Amino acid sequence: MDMNFRLLINGQLIETKQTMAVLNPATEEVAAHCPRADEKVAEKAIQAALSAFPSWAATPLSKRAECINKFADMMANHKQELASLLTKEQGKPVAESLAEVDYSIAYARYFASLKMEPQTVHEDDACKVEEHHMPLGVVGAIIPWNFPLLVLNFKLPAALLAGNTIVIKPSPTTPLATLHLMSLCKDVFPAGVVNVITDQNDLGSYLTGHSDIAKISFTGSTETGKKVMANAAGTIKRLTLELGGNDPAIVLANADIDSTAEKIFATSFVNCGQVCIAIKRTYVHSSIHDQLCAKLVELANQSIIGDGAEQGTTIGPLQNKQQFEKVKVFLEKAKKDGHIIAGGNVLSGAGYFIEPTLVTDVRDGTDIVDQEQFGPILPIIKYEDVDDIVNMINQQPYGLGASIWSRDIAQAQELAQKVSAGTVWINQHFSIAPNIPFAGARQSGLGVEFSVAGLLEYTQIKIINQAK
Ligand code: NAD
């Protein structure tokens with residue numbers, strides 16, 4: 001594998017004067033050095049995308065889809081090396097990295113299969129009205145560090161199929177798999193259609209405020225999302241914001257304890273808990289609280305924490321030092337405000353490792369329950385009245401996902417109607433697919449990703465209204 005990482009701008013692989021070190025979070029050693037763009041380099045990328053836009057927009061959709069399928073082929077042909085780079089920079093176990101590449105391919109192929117035909121929305125003796133969807137121009141795609149390739153594939157295939165060109169900005173701590181993939185795909189798209197720049201958290205606002213960028217598709221924290229929205233206001237940019245979450249699981253008294261515990265554990269601690277739609281708090285009816293906790297403790301004690309590159313590892317490190325420090329503070333708060341029944345330790349030595357931690361005897365109103373900890377800590381809250389829980393959840397700022405766990409599906413469905421969130425799962429959590437719309441309620445996001453609705457977010461509606 002070529003470890004000489006470069007940017008892709010206007011079809012050329014570019015080096016920059018400045019470089020930056022990317023660390024392996026399992027060892028804290030330098031995984032690789034890569035370029036660091038400045039505003040001049042970012043401007044070149046934006047202008048390349050702008051120049052490439054008219055001819056890409058005029059390229060037949062079938063040809064654009066062909067390029068996206070070639071991009072998917074490239075991911076499939078280089079799956080092992082992409083997965084190993086992902087583990088090296090992001091920390092997740094190799095099996096999770098391989099799954100991330102598989103999902104990325106599935107998203108790319110799905111968007112490549114969609115069509116965007118004009119629709120006749122009204123016709124009578126007086127007129128015929130057609131709805132067309134036009135590309136917007138240059139899209140700025142801003143990516144977080146938890147799923148570098150997957151989040152890229154939530155955005156790039158949809159933006160390009162719709163006829164836009166793109167400037168991608170990965171997170172400073174996880175740019176490597178993206179840069180490698182883009183260097184492999186240098187000739188898959190016409191020059192300027194796809195461009196990648198890297199930064200040290202200092203070029204995001206250059207993109208979001210730039211008058212030649214028509215849309216920002218951002219995935220990241222709610223805090224940064226607010227800055228994106230404010231900065232984009234000057235040019236009334238189109239925005240898709242996929243932001244933070246504090247997903248609750250609500251376990252009813254009649255839930256199947258063993259299977260519920262297994263699924264809750266898996267979807268709380270996958271990717272070391274660094275998932276926007278991980279279960280971040282579990283509400284359990286008092287009648288089964290102790291039994292469910294006992295099963296969760298069993299599962300936590302079976303976890304194998306370590307370098308994601310080592311066989312057998314089930315939980316890797318936190319992705320970066322800043323997040324590690326943040327989660328350590330949450331751990332101390334959890335110890336103060338609750339009772340630790342599993343884990344609770346930071347591992348000594350190199351790497352950002354924290355044991356999967358279960359906290360009981362906690363209540364709403366404490367940081368460990370109310371905030372997005374984004375790490376391997378799961379608070380478990382005992383409740384008596386489920387309506388009280390739902391009312392409280394519905395008033396909180398986050399509304400990304402939620403799940404209800406019960407053997408009585410009718411009861412779970414009735415409750416699902418009452419929960420205000422972008423997705424409510426029943427007897428599962430974190431189940432997503434390219435054809436199922438994904439959207440956050442309240443401060444968890446703006447707009448939709450995935451599905452035809454997600455594709456159309458990369459377009460402008462144009463009505464042609466013709467008198468007869
Ligand atoms: P972050 O907000 O710190 O950074 C996200 C991206 O924004 C990075 O590329 C960063 O460099 C860039 N950025 C930083 N400052 C910026 C600015 N002022 N303007 C524009 N861009 C800027 O988020 P993170 O820590 O990388 O990711 C974790 C967060 O992402 C969590 O809150 C998680 O819930 C959220 N997330 C949400 C989804 C979703 O689909 N809703 C998916 C994944 C992650």
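None of these values were measured; they are calculated from a predicted model. As the structure lists them, so they are numbered: ligands from 1, and atoms in each ligand from 1.
- Side-chain contact between Ile142 and Thr208 is present, with at least one heavy-atom pair separated by less than 4.5 Å.
- Nearest-residue assignment for atom 43 (C) of ligand 1 (options Asn246, Ile142, Asn146; heavy-atom criterion): Asn146.
- Taking a distance limit of 4.0 Å, we find that atom 4 (O) of ligand 1 is approached by no protein heavy atom.
- Ion pair Lys321/Glu325 flagged as a salt bridge, since at least one NZ, NE, NH1 or NH2 atom sits closer than 4.0 Å to an Asp/Glu carboxylate oxygen.
- Heavy-atom contacts of Cys276 reach the following atoms of ligand 1: 34 (O), 36 (N), 37 (C), 38 (C), 39 (C), 40 (O), 41 (N), 42 (C), 43 (C), 44 (C) (cutoff under 4.0 Å).
- In this structure the side chain of Glu89 reaches within 4.5 angstrom of the side chain of Pro175, judged on heavy atoms.
- Between Lys40 and Glu43, no side-chain nitrogen of the basic residue sits less than 4.0 Å from a carboxylate oxygen of the acidic one, so the salt-bridge criterion is not met.
- Taking only non-hydrogen atoms, the option from Gly220, Ala230, Gly445, Gly401 nearest to atom 30 (O) of ligand 1 is Gly220.
- Aromatic ring orientation, Trp56 versus Phe189: perpendicular (interplanar angle above 60°, classes split at 30° and 60°).
- Listed by number with element, the atoms of ligand 1 under 4.0 Å from a non-hydrogen atom of Ser221 are 1 (P), 2 (O), 23 (O), 29 (C), 30 (O), 32 (O).
- Between Phe154 and ligand 1 there is no heavy-atom distance shorter than 4.0 Å.
- In this structure, Phe5 and Pro35 have side chains that are in contact, with non-hydrogen atoms separated by less than 4.5 Å.
- Gln274 places a side-chain heavy atom less than 4.5 Å from the side chain of Leu318.
- Each of the following atoms of ligand 1 lies closer than 4.0 Å to a heavy atom of Phe438: 40 (O).
- Remark: ligand 1 and Thr208 share no N or O pair separated by less than 3.5 Å (distance only, no angle test).
- In this structure, Leu160 and Arg64 have side chains that are not in contact, with every pair of non-hydrogen atoms separated by 4.5 Å or more.
- Contact annotation for Thr219 and ligand 1: heavy atoms of both the backbone and the side chain come within less than 4.0 Å of the ligand.
- In summary, the atoms of ligand 1 found under 4.0 Å from a heavy atom of Pro172, numbered by their order in the structure, are 11 (O).
- Partners of Lys88 by salt bridge (charged side-chain N to carboxylate O under 4.0 Å, His left out), not counting sequence neighbours: none found.
- Only side-chain heavy atoms of Glu372 come within less than 4.0 Å of ligand 1; its backbone N, CA, C and O stay farther off.
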task: Decide yes or no on ring-ring contact (aromatic ring centres under 6.0 Å, His included) for Tyr383 and Tyr283, but give the supporting numbers first.
output: CA-CA 6 Å; Tyr383 75 84; Tyr283 293 89; 7.1 Å; no

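- Taking the ring centre of Phe324 as origin, the terminal cationic atom of Lys328 falls inside the region bounded by 6.0 Å and 45° from the ring axis.
- For ligand 1, the atoms lying closer than 4.0 Å to a non-hydrogen atom of Ser171 are 9 (O).
- Of the listed residues (Leu243, Thr224, Ile432), the one carrying the non-hydrogen atom nearest atom 15 (N) of ligand 1 is Thr224.
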- request: Decide yes or no on salt bridge (charged side-chain N to carboxylate O under 4.0 Å, His left out) for Lys280 and Asp370, but give the supporting numbers first.
  value: CA-CA 9 Å; Lys280 301 203 178 92; Asp370 288 0; over 6 Å; no

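- For the pair Pro144 and ligand 1, the shortest N or O to N or O distance does not fall below 3.5 Å.
- Within the 4.0 Å heavy-atom criterion, neither part of Phe147 lies near ligand 1.
- The atoms of ligand 1 that sit less than 4.0 Å from any heavy atom of Gly204 are 19 (N), 20 (C), 21 (N).
- Using a non-hydrogen distance threshold of 4.0 Å, Val228 registers as a contact of ligand 1.
- When only interatomic distances are considered, the shortest N/O to N/O separation between Asn201 and ligand 1 falls below 3.5 Å.
- Of all the heavy atoms of Pro170, the ones lying under 4.0 Å from any atom of ligand 1 belong exclusively to the backbone.
- In summary, the atoms of ligand 1 found under 4.0 Å from a heavy atom of Leu400, numbered by their order in the structure, are 41 (N).
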